Protein chains: 2
Amino acid sequence: MKNRKAHLEARARVLKAMAHPTRLFIIEELDKQERCVCDLTSMIGVDVSTVSKHLSVLKQAGLVQDDKRGNQVFYSLRAPCILNFFGFVEGVLENGTKEHAAYL
Amino acid sequence: MKNRKAHLEARARVLKAMAHPTRLFIIEELDKQERCVCDLTSMIGVDVSTVSKHLSVLKQAGLVQDDKRGNQVFYSLRAPCILNFFGFVEGVLENGTKEHAAYL
DNA sequence: TTTCTATTTGGCTAAAATGCCAAATAGCCA
DNA sequence: TGGCTATTTGGCATTTTAGCCAAATAGAAA
């Protein structure tokens with residue numbers, strides 16, 4: 001059993017890992033299919049090292065897993081249903097309060 | 001219709017607003033009942049100005065709303081169901097993949 | 001082995017986030 | 001008005017992020 005503070009910190013860590021446009025993009029793509037770093041890099045258009053670091057953040061948060069095959073590393077979502085989750089975020093943005101209920 | 005990049009950025013903004021232990025605490029408390037800044041401050045134990053700034057972050061993200069009454073400002077959740085949402089985060093932390101399905 | 005491709009890590013700079021204190025605002029009550 | 005209480009804002013120091021380049025690693029193929 002964790003205390004409340006630890007819980008909050010743990011939750012915040014996961015949310016923080018998701019809270020970046022590039023990492024959200026990666027999550028969306030991995031929801032469709034696993035991808036190697038170079039695939040993601042060419043889709044995103046930033047330096048490979050940057051993508052690698054984003055993947056490392058996601059992995060450390062427990063959101064993705066990696067599988068080395070040959071000289072490539074394939075990443076995939078550990079929780080494929082992560083995306084259902086975003087409908088909510090959308091609701092907040094588009095604003096009314098009623099919409100949210102539909103998502104949850 | 002927004003393009004994909006704008007969507008990702010918008011989602012990231014909301015997630016980022018939630019990605020802090022103190023702000024998650026505030027969200028949990030506001031889910032129970034509205035609170036004025038001084039209530040939250042005494043519960044949290046950091047400087048009032050810090051709490052005020054956290055609330056401002058949450059408000060700008062569209063997560064909370066404020067209501068000034070007398071010389072106090074009461075904050076409340078705009079989307080009271082936000083918390084259902086956390087079961088998922090918990091699942092990621094505790095790790096298996098199957099658990100997640102239950103939350104979503 | 002040498003070379004080439006894929007990925008990660010280290011180093012660095014610039015930008016953003018935290019949190020404190022002090023000062024400014026706003027509303028209440030004597 | 002004057003003094004309180006509640007809240008926000010500005011300024012500042014410290015820490016964390018993000019992203020690039022260069023160097024290190026790992027595996028594949030010549």
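Just the heavy atoms: all of them, side chains too, but no hydrogens, waters or symmetry mates, feed the values below. Worth saying up front: this structure is predicted, and the values here are computed from it rather than measured. Here is the naming used below: chain letters follow the sequence lines, and residue numbers restart at 1 for every chain.
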- Item | B:Lys53 vs A:Val46, nearer the 5' end of DNA chain D by closest nucleotide |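 Mapping each residue to its closest nucleotide by heavy atoms, the 5'-most match is B:Lys53.
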Would you say the side-chain atoms of [X] pair up with the backbone N or O of [Y], donor to acceptor, closer than 3.5 Å?
X       : Y       : answer
B:Thr41 : B:Val37 : yes
B:Arg35 : B:Leu40 : no
B:Arg23 : B:Leu58 : no
B:Arg69 : B:Phe74 : no

- For DNA chain C, whose closest nucleotide is more 5', that of B:His54 or that of A:Val73?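 It is A:Val73 whose nearest nucleotide is closer to the 5' end.
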Proximity to the side chain of [X] - top-ranked nucleotide from [options]:
X       : options               : answer
B:His20 : C:dG19, D:dT7, C:dC20 : C:dG19
A:Val48 : D:dT9, C:dT8, D:dC21  : C:dT8
A:Cys38 : D:dG19, C:dA6, C:dC20 : C:dA6
A:Ser49 : C:dC20, D:dA22, D:dT9 : D:dA22
B:Gln72 : C:dC21, D:dT7, C:dT7  : D:dT7

- Query: Any side-chain N or O of A:Tyr75 under 4.0 Å from OP1/OP2 of C:dA6?
  - Reply: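 So the side chain of A:Tyr75 is outside the cut-off, no N or O lying under 4.0 Å from OP1 or OP2 of C:dA6.
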- Kindly say if A:Thr50 contacts the phosphate of D:dG19, meaning a side-chain N or O under 4.0 Å from OP1 or OP2.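 For A:Thr50, the contact criterion (side-chain N or O under 4.0 Å from OP1 or OP2 of D:dG19) is not met.
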Report which part of the nucleic acid [X] touches: base, sugar-phosphate, or nothing (heavy-atom distance under 4.0 Å, all strands).
X       : value
B:Arg23 : sugar-phosphate
B:Lys16 : sugar-phosphate
B:Phe74 : nothing

Rounded interatomic separation in angstrom, taking [atom1] from [X] and [atom2] from [N]:
X       : N      : atom1 : atom2 : value
B:Ile26 : D:dT7  : CD1   : C1'   : 14 Å
B:Arg13 : D:dT17 : CZ    : C1'   : 17 Å
B:Glu9  : C:dA16 : CD    : P     : 13 Å
B:Asn71 : C:dA30 : CG    : C1'   : 15 Å
B:Leu55 : C:dT18 : CG    : P     : 13 Å
A:Lys68 : C:dT5  : NZ    : C1'   : 12 Å
A:Asp66 : C:dA6  : CG    : P     : 17 Å
A:Gln60 : D:dT17 : CD    : C1'   : 14 Å

- Query: Take atom CD in A:Gln60; do more than 12 heavy atoms of anything else shown fall under 6.0 Å from it?
  - Reply: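 At most 12 heavy atoms, drawn from other residues, nucleotides or ligands, come within 6.0 Å of this atom.
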